[in-house]
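Chain letters run A, B, ... following the sequence lines, proteins first, then strands; residues in each count from 1.
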2 protein chains.
Amino acid sequence: MLFVVMAGLRERKKEQTRRRIAEVALRLFAERGFDAVTVNEIAEAAGVAKVTLFSYFPSKDCLVLDGVKDDMARIVAGRGPGVTPLAALRAHYRALVAADTEELDVEALMTRVRVISASPALLAGVQQAYAEEREELAAALAAARDPDGTAQAPETTARAPERPARCPDLAARVMAAQITATVTTLQETFFARLAAGTPLAEAGRALAEDVELAFDLLEHGHDTERGTS
Amino acid sequence: MLFVVMAGLRERKKEQTRRRIAEVALRLFAERGFDAVTVNEIAEAAGVAKVTLFSYFPSKDCLVLDGVKDDMARIVAGRGPGVTPLAALRAHYRALVAADTEELDVEALMTRVRVISASPALLAGVQQAYAEEREELAAALAAARDPDGTAQAPETTARAPERPARCPDLAARVMAAQITATVTTLQETFFARLAAGTPLAEAGRALAEDVELAFDLLEHGHDTERGTS
DNA sequence: AACAAAAAGCATACCCGGTTCAGATCCGAA
DNA sequence: TTCGGATCTGAACCGGGTATGCTTTTTGTT
């Protein structure tokens with residue numbers, strides 16, 4: 001009963017098998033397209049049974065869309081004192097854009113981007129991931145403006161029938177929706193540029209500009225924007 | 001070759017069959033849940049073959065999610081001169097909220113809302129519809145600030161290498177994303193209230209408030225919002 | 001070293017949404 | 001009445017995903 005970190009031969013093999021499945025799948029998808037490859041083929045090519053594959057990945061989508069969600073909720077929850085959620089997010093994405101891209105496996109990333117953007121099913125899956133992230137962010141924002149859940153103390157405000165249970169904080173949900181919509185649009189634009197052949201460095205530079213533009217829109221609103229004519 | 005509206009016995013039967021299928025499906029879903037009803041059952045209960053059902057509705061989802069998308073792009077495209085897209089949308093939703101709800105089949109609507117909000121699959125479908133609408137709105141917004149495609153006239157601004165080929169108009173896409181995110185959040189909140197048992201009139205009143213709050217956030221940004229502490 | 005429990009993998013059969021295909025049926029016009 | 005095209009239909013099929021019951025491997029213990 002030792003509390004060693006225990007690389008455990010078992011868990012190492014699991015990790016390794018998982019990686020092998022994902023790599024094989026990505027290669028096949030890149031060759032022939034997501035919809036033209038069956039999970040049976042993937043399982044066979046990875047030397048594993050179909051049921052085993054599904055024990056590693058809950059669905060075919062997840063073979064590709066495994067780590068697409070970045071965790072905005074955590075960034076909001078873990079921000080410093082006195083800094084607004086929006087400022088924390090802006091700082092985070094600024095830093096992310098400025099980070100060195102040397103350590104990334106750019107080739108694999110681009111392959112993933114190409115595979116995803118070529119498949120309606122996967123694009124739908126991405127939208128789904130975005131929606132999930134939006135809900136998490138909404139919860140984090142609600143918690144941010146309500147430090148310790150006053151939600152379970154309705155007696156103190158029971159005498160306020162004019163504001164009947166402001167549901168789960170509409171303002172927080174709208175903010176979350178606008179923020180995730182903005183960030184995901186930035187991501188999509190960035191990946192679209194990459195998929196279209198723009199070199200990474202240039203796409204990164206463009207992204208840096210876009211981050212500022214997008215967060216300015218979030219902070220200051222659209223009232224300075226011209227419609228037309 | 002008459003251009004009469006042509007009630008045509010045939011087309012009438014088609015319409016009628018379509019309605020019957022949708023009604024039967026909704027009833028079964030309401031009774032036992034979306035996932036617990038198979039399309040075979042629906043087809044049998046509606047007195048029709050499975051393949052016929054799929055000739056009317058392209059997927060099981062569509063039996064419920066048929067007219068969920070309202071057409072923001074059309075509202076933007078058809079707005080009066082001198083009015084911004086955002087103002088047009090705000091006016092539209094104000095009017096929609098203020099409209100009399102007498103003519104609606106409230107009972108059927110509520111059933112639909114309950115069925116949808118009880119099924120993850122259908123909720124995902126709703127997200128998908130939102131995503132589609134967002135893309136349409138993005139195109140409409142881009143067209144709005146670029147009345148007749150100036151895309152093929154870069155000569156006038158050719159001396160501005162600092163802004164290289166602003167891709168497919170990022171600002172329009174961010175605006176579209178923020179606007180659809182806002183409106184869909186309003187819809188979700190409204191339906192959540194209804195599903196939770198709030199009477200229609202009261203939910204309508206709350207929605208009217210929410211519309212103003214949400215569009216204010218869109219117009220003026222989040223910079224006046226407090227984070228916490 | 002031997003062993004039993006737990007964990008992982010496997011083959012198979014099954015369910016369900018969705019499609020394909022070759023007819024059967026029905027409507028509407030000539 | 002008859003013909004052509006649209007519509008409907010049963011039945012087989014495909015692919016993603018699950019349930020079941022069994023073998024193999026890892027691991028901690030005696």
Side-chain angles (χ1 to χ4, degrees), chain A residues 1-22 24-25 28-29 32-66 115 119-125 128, chain B residues 1-22 24-25 28-29 32-66 115 119-125 128:
Chain A
M1 198 195 267
L2 297 174
F3 290 161
V4 191
V5 178
M6 200 48 157
L9 186 151
R10 197 172 199 139
E11 332 212 342
R12 216 166 2 181
K13 275 195 120 175
K14 267 191 78 166
E15 193 81 12
Q16 172 183 339
T17 303
R18 182 188 177 85
R19 284 177 56 99
R20 191 178 69 241
I21 295 175
V24 166
L28 292 179
F29 290 155
R32 296 160 35 202
F34 181 78
D35 300 308
V37 179
T38 72
V39 292
N40 280 312
E41 290 175 311
I42 299 168
E44 191 177 0
V48 85
K50 186 170 75 158
V51 64
T52 302
L53 186 153
F54 278 112
S55 85
Y56 280 99
F57 299 90
S59 76
K60 191 185 178 187
D61 297 348
C62 294
L63 287 166
V64 185
L65 307 175
D66 210 31
V115 167
S119 157
L122 288 177
L123 290 173
Q128 198 53 29
Chain B
M1 202 194 270
L2 297 175
F3 291 162
V4 192
V5 176
M6 198 48 157
L9 185 149
R10 202 164 197 146
E11 334 213 342
R12 215 163 7 181
K13 275 197 121 177
K14 269 191 77 166
E15 192 80 13
Q16 173 184 338
T17 303
R18 182 189 176 85
R19 284 177 56 98
R20 191 178 67 243
I21 295 175
V24 166
L28 291 179
F29 291 154
R32 295 161 35 203
F34 181 78
D35 300 308
V37 179
T38 72
V39 292
N40 279 312
E41 290 174 312
I42 300 169
E44 191 177 1
V48 86
K50 183 171 73 160
V51 66
T52 303
L53 186 153
F54 278 113
S55 85
Y56 281 99
F57 300 90
S59 74
K60 190 184 179 188
D61 298 348
C62 293
L63 288 165
V64 184
L65 308 176
D66 211 29
V115 168
S119 156
L122 287 177
L123 290 173
Q128 199 52 30

For a quick check of understanding: with a heavy-atom distance under 4.0 Å over all strands, which category does [X] fall into, base, sugar-phosphate or nothing?
X       : value
B/Phe57 : nothing
B/Val51 : base
B/Thr52 : base

Minimum-distance nucleotide to [X] side chain [options: [options]]:
X       : options                : answer
A/Phe54 : D/dT9, C/dG17, D/dG17  : D/dG17
B/Thr38 : D/dG17, C/dG18, C/dC16 : C/dC16
A/Val48 : D/dG10, D/dG16, C/dC10 : C/dC10

Short side-chain N/O contact to [N] OP1/OP2 from [X], under 4.0 Å:
X       : N      : answer
A/Lys13 : D/dT26 : yes
B/Tyr56 : D/dC8  : yes
A/Lys14 : C/dA8  : yes

Could you tell me whether the side chain of B/Thr17 and the main chain of B/Lys13 form a donor-acceptor pair under 3.5 Å?
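Present.
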For the pair made of [atom1] in [X] and [atom2] in [N], what is the distance, rounded to whole Å?
X       : N      : atom1 : atom2 : answer
A/Lys50 : D/dT20 : NZ    : P     : 16 Å
A/Asp35 : C/dT19 : CG    : C1'   : 14 Å
B/Asn40 : C/dC16 : CG    : C1'   : 8 Å
A/Glu15 : C/dA8  : CD    : P     : 13 Å
B/Glu44 : D/dC8  : CD    : P     : 18 Å
B/Arg18 : D/dC8  : CZ    : P     : 12 Å

Counting only heavy atoms not in A/Arg32, do more than 12 sit closer than 6.0 Å to its CZ atom?
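Yes, because the 6.0 Å sphere around CZ of A/Arg32 holds more than 12 heavy atoms from other groups.
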Examine B/Arg18 relative to B/Phe57 and say whether NZ or CZ is less than 6.0 Å from the centre of the six-membered ring and inside a 45° cone about the ring axis.
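Positive - B/Arg18 is close enough to the ring of B/Phe57 and near enough to its axis.
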